[in-house]
There are 2 protein chains.
Amino acid sequence: MTPYYTGSHKHLIAIDCIIFGFDEGELKILLHRRKFEPEKGKWSLMGGFLQPDESIDNAARRILKGCSGLTNLFMEQLYTFGETDRDPGERVISTAYFALIRIDDYNKELSLETTAHWWPISKKPALIFDHDKMVEMALERLKIRSKNRPIGFELLPRKFTVPQLQSLYEAINRRNLDKRNFRKKILSMNLLQKLNEKEKKTSKKGAFLYRFDKRKYNRLAEKGFHFEL
Amino acid sequence: MTPYYTGSHKHLIAIDCIIFGFDEGELKILLHRRKFEPEKGKWSLMGGFLQPDESIDNAARRILKGCSGLTNLFMEQLYTFGETDRDPGERVISTAYFALIRIDDYNKELSLETTAHWWPISKKPALIFDHDKMVEMALERLKIRSKNRPIGFELLPRKFTVPQLQSLYEAINRRNLDKRNFRKKILSMNLLQKLNEKEKKTSKKGAFLYRFDKRKYNRLAEKGFHFEL
DNA sequence: CCAAAAGTGTTGACCGTACACCCATGA
DNA sequence: TCATGGGTGTACGGTCAACACTTTTGG
């Protein structure tokens, strides 16, 4: 480590994670009460400071693992927030990431964090600093991604029904979709494998379960696709 | 400034700018030879370190002004690059911005920077660090933006012909477009005002000049639109 | 037997795309 | 007069959006 850049000012860098889940037909976000000053006790995104020896992506992975117990989550850098006064404690630059979790996977690892809570997006409390703006931006990004990546599936259980998948898309895009058009389009991608089981909790008739075809899923996850309704 | 976060490590933050221009039917990028070690003399993006008292957006504006003399450029945050070893000199996090310049405006302010040079994208030299990756990402973003924002116009002179505009879109998207379809679609947005002048340098017949309608332009710049060919 | 959710096809409108010829003029 | 780039309209096919009824079964 040669001192090439001595004289230049250094900064604190935080990583904040917007973590989405989907449960009971609602899009939810994982928040916790901040553990230190300033704004101690207020609702906040999951976050932490960047350490000297980790890349920012790895810092995000560390934070995600710390609050969910899970690794290999879908995760994507969102934006870097750099207003001088965004943190009243001290100047901190924050790079935000958004991530997707299957809530039932999360529940299995009974979360250590008892201060954490899944909030339905529509009822979430006000957050500290510029975290509300981060959430807003993440929702926007999620909407875009739902149209060009098969990310919806990162949020559902491994087996799911078509109506469940539809209600996820409806939650993300905040509008109702025609079920005939939805089914037609999603099935025409040959991305779903129909199983011989039915989910019978939500209706008397029961709905067939599906899972996604890993090969096609992975290809679409890289190349992108187009799913507009 | 209370010492809330003492103990947390601080980092150098660089701002790097990918600056695009359009001239002679080609998409170009502004590069310069790095002025200090490591990699002194090699081709590099325009950049600098974040100062304590400026937001990252303002740092980008400062750098853009410094190398072009221009303010109020179109500018957008691209991505933050945070691998631990991306800069061999010392650990530096870099937030990249991309910006668009009208090359003729740039020329008027005869640039102070004699080490700067406009390179056609197709012929640009290899860059230091991860700057090539930044450029690649910026090109991708530019392609996306050309489809949902009227940014093309930030790159053209104030008066331009339809064929010029088309060749810009062709350069950004790296494919040829049908001129009838292009003209039909772009004119149907009522974004262009036809002038009573002709540009006669590039053809004997001459092509009518247009400028864009400020009102509609600004509305589209905010709300976005859809221009797919 | 009834309520509640699952499942199923067709049609019209619109949009993207392909395509070929005439025009104006400087040299 | 000819070479060069500017300018124009139409037809086809595919995709999106709107729309209503039958099926299953638990209570």
Side-chain angles (χ1 to χ4, degrees), chain A residues 24-26 143-144 146-148 156-157 159-211 220 224-229, chain B residues 24-26 143-144 146-148 156-157 159-211 220 224-229:
Chain A
E24 299 161 338
E26 278 187 307
K143 222 187 261 188
I144 293 169
S146 78
K147 286 174 187 154
N148 62 206
L156 291 173
K159 298 176 182 180
F160 53 86
T161 66
V162 174
Q164 270 169 16
L165 182 57
Q166 178 175 343
S167 86
L168 171 59
Y169 272 83
E170 290 178 334
I172 291 175
N173 292 291
R174 284 212 196 81
R175 68 196 190 94
N176 294 333
L177 303 172
D178 180 283
K179 60 180 175 172
R180 282 168 292 190
N181 293 338
F182 182 85
R183 182 180 290 267
K184 198 190 320 166
K185 180 133 193 209
I186 201 78
L187 290 178
S188 74
M189 306 185 117
N190 291 335
L191 188 59
L192 301 190
Q193 292 176 329
K194 190 173 185 174
L195 303 177
N196 264 331
E197 305 168 62
K198 279 194 167 186
E199 155 68 60
K200 308 207 63 165
K201 278 169 211 144
T202 51
S203 83
K204 328 216 160 175
K205 184 178 179 184
F208 277 103
L209 287 164
Y210 289 78
R211 68 171 171 226
L220 289 183
F225 66 142
H226 185 72
F227 191 81
E228 181 97 37
L229 279 165
Chain B
E24 298 160 338
E26 277 188 307
K143 222 187 261 188
I144 293 170
S146 78
K147 286 174 187 155
N148 62 206
L156 290 174
K159 298 177 183 181
F160 53 86
T161 67
V162 174
Q164 270 170 16
L165 182 57
Q166 178 174 344
S167 86
L168 171 59
Y169 272 84
E170 290 178 333
I172 291 176
N173 292 291
R174 284 211 196 80
R175 68 195 190 94
N176 294 333
L177 303 172
D178 181 283
K179 60 180 175 171
R180 281 168 293 190
N181 293 337
F182 182 84
R183 182 180 291 268
K184 197 191 322 166
K185 181 131 192 209
I186 201 78
L187 290 178
S188 74
M189 306 185 118
N190 290 335
L191 188 59
L192 301 190
Q193 293 176 329
K194 190 173 186 174
L195 304 177
N196 264 331
E197 305 169 62
K198 279 194 167 187
E199 155 67 61
K200 307 206 65 163
K201 279 170 209 144
T202 50
S203 83
K204 328 213 161 176
K205 183 179 179 182
F208 277 103
L209 287 164
Y210 290 77
R211 67 172 172 227
L220 289 182
F225 66 142
H226 185 72
F227 190 81
E228 181 97 37
L229 278 164

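Naming convention: chains lettered A, B, ... in sequence-line order (proteins, then strands); numbering from 1 in each chain.
Along DNA chain C, the stretch of nucleotides lying under 4.0 Å from any heavy atom of chain B spans, 5' to 3', C:dG16 to C:dG26. For DNA chain D, the outermost nucleotides in 5' to 3' order that have an atom under 4.0 Å from a heavy atom of chain A are D:dC16 to D:dG26.
A:Ser146 pairs by the side chain to side chain contact (heavy atoms under 4.5 Å, CB included) definition with A:Tyr169, A:Ile172, A:Asn173, not counting sequence neighbours. With sequence neighbours excluded, the residues that form a salt bridge (Lys or Arg N to Asp or Glu O under 4.0 Å) with B:Lys159 are B:Glu197. Listed by chain and residue number, nothing satisfies the side chain to side chain donor-acceptor pair (under 3.5 Å) test with A:Glu228 (two or more places apart in sequence, or in another chain). In this view, B:Glu170 satisfies the salt bridge (Lys or Arg N to Asp or Glu O under 4.0 Å) rule with no residue, not counting sequence neighbours. Under the side chain to side chain donor-acceptor pair (under 3.5 Å) criterion, A:Lys204 pairs with no residue at all, not counting sequence neighbours. A search for side chain to side chain donor-acceptor pair (under 3.5 Å) contacts involving B:Glu26 returns nothing, not counting sequence neighbours. Checked against side chain to side chain donor-acceptor pair (under 3.5 Å), A:Arg211 has the following partners two or more places apart in sequence or in another chain: A:Gln193. Applying the side chain to side chain contact (heavy atoms under 4.5 Å, CB included) criterion to A:Lys184, with sequence neighbours excluded, gives A:Asn181.
The minimum heavy-atom distance linking B:Phe225 with B:Met189 is given by the pair CD1-CE, 2.9 Å. Of all heavy-atom pairs between B:Phe160 and B:Leu165, the closest is CE1-CD2, 4.1 Å. Shortest non-hydrogen contact noted between A:Gly25 and A:Ala171 is O-CB, 4.5 Å. Minimum interatomic distance between A:Ile186 and A:Phe227 (heavy atoms only, all atoms of both residues): CD1-CE1, 3.6 Å.
In terms of position on DNA chain D, the residue among A:Glu228 and A:Lys179 whose nearest nucleotide sits closer to the 5' end is A:Glu228. Heavy-atom nearest nucleotides on DNA chain C were determined for A:Gln164 and for A:Lys204, and the one closer to the 5' end corresponds to A:Lys204. Checking A:Thr161 against B:Asp178, the closest nucleotide of DNA chain C that is more toward the 5' end is the one next to A:Thr161.
The stretch residues 185-199 of chain B has no heavy atom under 4.0 Å from DNA chain D, so no residue of it qualifies as close.
Figure legend: cation-pi geometry between A:Lys198 and A:Phe208, with NZ or CZ positioned under 6.0 Å from the six-membered ring centre and within 45° of its axis.
Taking the screw axis at each terminus of the helix from C:dC1-D:dG27 to C:dA27-D:dT1 from five consecutive base pairs, the angle between the two is 0° to within rounding of 10 degrees.
Using a 4.0 Å heavy-atom criterion, one finds that B:Lys200 contacts the sugar-phosphate atoms exclusively.
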